[in-house]
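Just below is one structure, and these are the notes that go with it.
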Amino acid sequence: MIVLGIESSCDETGLALYDTDRGLLAHALHSQIAMHREYGGVVPELASRDHVRRALPLLKETLTKANIDKREIDAIAFTEGPGLAGALLVGSSVACGLAFALDKPVIGIHHLEGHLLSPLLATRPPEFPFVALLVSGGHTQLMRVDGVGRYELLGETLDDAAGEAFDKSAKLLGLDYPGGPAISKLALEGNPEIHQFPRPMLHSKDLNFSFSGLKTAVLTAVKKYPSQLEYADKANVARGFVDAIVDVLVAKCQTAMKQTGLKRLVIAGGVGANQQLRAALNAAANHNNPKKRFEVFYPELEFCTDNGAMIAFAGAMRLKINPRLATRNYSFNVRPRWPLDQIEPA
Ligand code: ATP
Ligand code: MG
Ligand code: FE
C-alpha cells in the first residue's frame, strides 16, 4: 500500500510517499522560515498562501523522486490538526481534491502523532511500548506510547513549550527566528560558570514543565548588562540557558523512565535536533547503575522538525491496522485545536 502524506500545519510544506512494503519512497519539503524571518515569527496568512504555491510542485517532485505515477497512490494522509487553520486547509483541500480526482480514500492525521511516530522511520526503530518526549515549537509533553493511537499523557508544560523557550530566549539575544538552532550553536562558545539560571519544576516530582520563568531569567540577565552585549556575553547567556533547559528535560525523562519502568525513550519534535540535549540524554541513558539505564531513540535529523514523511507514515500505520479509517468523505475538515487525547483509536 502506497500512502501519500501532506503536511501543512505551520510553516513547512512537506510531501512524502510511504510504501508499507518498501518503506519511505521519497519526500520533499519547503520551509518558509526565510519568508517569516523579517517578521520575527510565522505570519499565518503568508503561510497559507505559500502552501498553495508549494504543494503541487512538491507533489510532482515527490512522485518523480519515487518514480511512480500518481495513480499508484492507494490513500492520501494529510495533517488535519492541530495547527494554523488556513495552513491546514491548504493541505486538506489538496489531499481531498487529489483523492477525489483519483478516486482514492483520505485519512486525517494528528500532527503530534506524526511527530511521535517519526522515530519509527529511523534505521534503528524502537519497539513499543516506550516513553516519548515530544519537544516542539508548540508542545512539550511526556507520553507513554503503547502502540499506534495508544498514547497516555504523563506530563506537559504549564506555559511555554521548549521550542518556544529556545526561540524567545534567542530573540532576547537578538538572534534571528527561529532561534533554537542559533542559540544552541552560540552556547557551545559560552562559559557555563557565568549564568546560573533557574531549573523550573526540577524537583516537583510530577512530570510537568514550566519554561516561562526561565525566559524571564534570561531577560533579567540581558538587562543587567550596562550596554549592548558583546558576542562573548551573548554566548555566556546562551550557555546558561541551554544548560538549564537541558537539565530539566533530562531530569524529567529520567523520572518518567523510573515511574513507568519502561526501558525505551523516544525523542520527537524540533528540539530533538538539539545536540546538547542529545548528548545529555545519551549520558543519562548510560547510567553507572545498570538498573537506571535505558535506550534512547531519535528521529533522523531531517524528520525532527515538520515534514511530510511522518504524516505519510502515520497514515500508513493507521490504515495497516484498520483500513476502515480511510474515507471518501472529501469535505476537507480541519481541526486547528485538537488535543491528542481526543484522537480516534486505530
Ligand atoms: P508543533 O509541532 O508543536 O505544532 P512546530 O511544528 O512548529 O510545533 P517543530 O517543527 O517540531 O515545531 O520544531 C520547531 C522548533 O524546534 C522551533 O522552536 C525551533 O527553534 C526548535 N529547534 C529546531 N532545531 C533546534 C535545535 N537544534 N536546538 C533547539 N531547538 C531547535
Ligand atoms: Mg516549523
Ligand atoms: Fe510540528
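A quick note: this is a predicted structure, and the numbers were derived from the prediction, not measured. Just the heavy atoms: all of them, side chains too, but no hydrogens, waters or symmetry mates, feed the values below.
- Side-chain N or O atoms of His287 include none that pairs as donor or acceptor with a backbone N or O of Arg293 at under 3.5 Å.
- To the nearest 0.5 Å, atoms CD (Glu295) and CE (Met257) are separated by 9.5 Å.
- Interatomic distance, Glu61 CD to Leu63 CG, rounded to the nearest 0.5 Å: 10.5 Å.
- With Glu152 contributing its side chain and Leu154 its backbone, the two residues share no donor-acceptor pair below 3.5 Å.
- A salt bridge does not link Asp167 to Lys171: none of the charged nitrogens lies less than 4.0 Å from a carboxylate oxygen.
- The distance from the CD atom of Glu113 to the CE atom of Met143 is 10.0 Å, given to the nearest 0.5 Å.
- In this structure, Phe332 has its ring center at least 6.0 angstrom away from the ring center of Tyr330.
- Panel note: side chain Gln32, backbone Ala47; a donor-acceptor pair is recorded below 3.5 Å.
- Contact annotation: the side chain of Lys252 approaches that of Ser204 to within less than 4.5 Å [non-hydrogen atoms, C-beta and beyond].
- The local environment of NZ in Lys65 is crowded, with over 12 non-hydrogen atoms from other residues, nucleotides or ligands closer than 6.0 Å.
- Rounding to the nearest 0.5 Å gives a distance of 3.5 Å between CD1 of Ile311 and OG1 of Thr79.
- For the 3.5 Å distance criterion, the side chains of Thr13 and His51 qualify, holding a donor opposite an acceptor.
- Distance alone, capped at 3.5 Å, places no donor-acceptor pair between the Ser136 side chain and the Gly270 backbone.
- Considering NZ of Lys258 and CG of Leu207, their distance stands at 11.5 Å, rounded to 0.5 Å.
- No side-chain donor-acceptor contact under 3.5 Å links Glu38 to the backbone of Ala34.
- Using modelled atom types and a 3.5 Å distance limit, the side chains of Asp243 and His195 yield no donor-acceptor pair.
- Below 30°, between 30° and 60°, or above 60°: for His110 and Trp338 the angle between ring planes is between 30° and 60°, a tilted geometry.
- Here the side chain of Tyr151 pairs no donor or acceptor atom with the backbone of Leu340 at under 3.5 angstrom.
- The CG atom of Asn286 lies 12.5 Å from the CG atom of Leu281; values are rounded to the nearest 0.5 Å.
- The closest donor-acceptor contact from the side chain of Asp159 to the backbone of Phe211 lies under 3.5 Å.
- Glu344 and Arg335 are joined by a salt bridge, as a carboxylate oxygen and a charged side-chain nitrogen come within less than 4.0 angstrom of each other.
- Checked by atom type and distance alone, the side chain of Thr140 pairs as donor or acceptor with a backbone atom of Ala162 at under 3.5 Å.
- A donor-acceptor pair under 3.5 Å is absent between the side-chain atoms of Gln259 and the main chain of Ala256, judged by distance alone.
- Distance alone, capped at 3.5 Å, is enough to place a donor-acceptor pair between the Asn236 side chain and the Asn191 backbone.
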| Between Phe166 and Phe241, does a ring pair (Phe, Tyr, Trp, His ring centres under 6.0 Å) hold up when you go through it step by step? | CA-CA 8 Å; Phe166 269 95; Phe241 166 79; 5.1 Å; yes
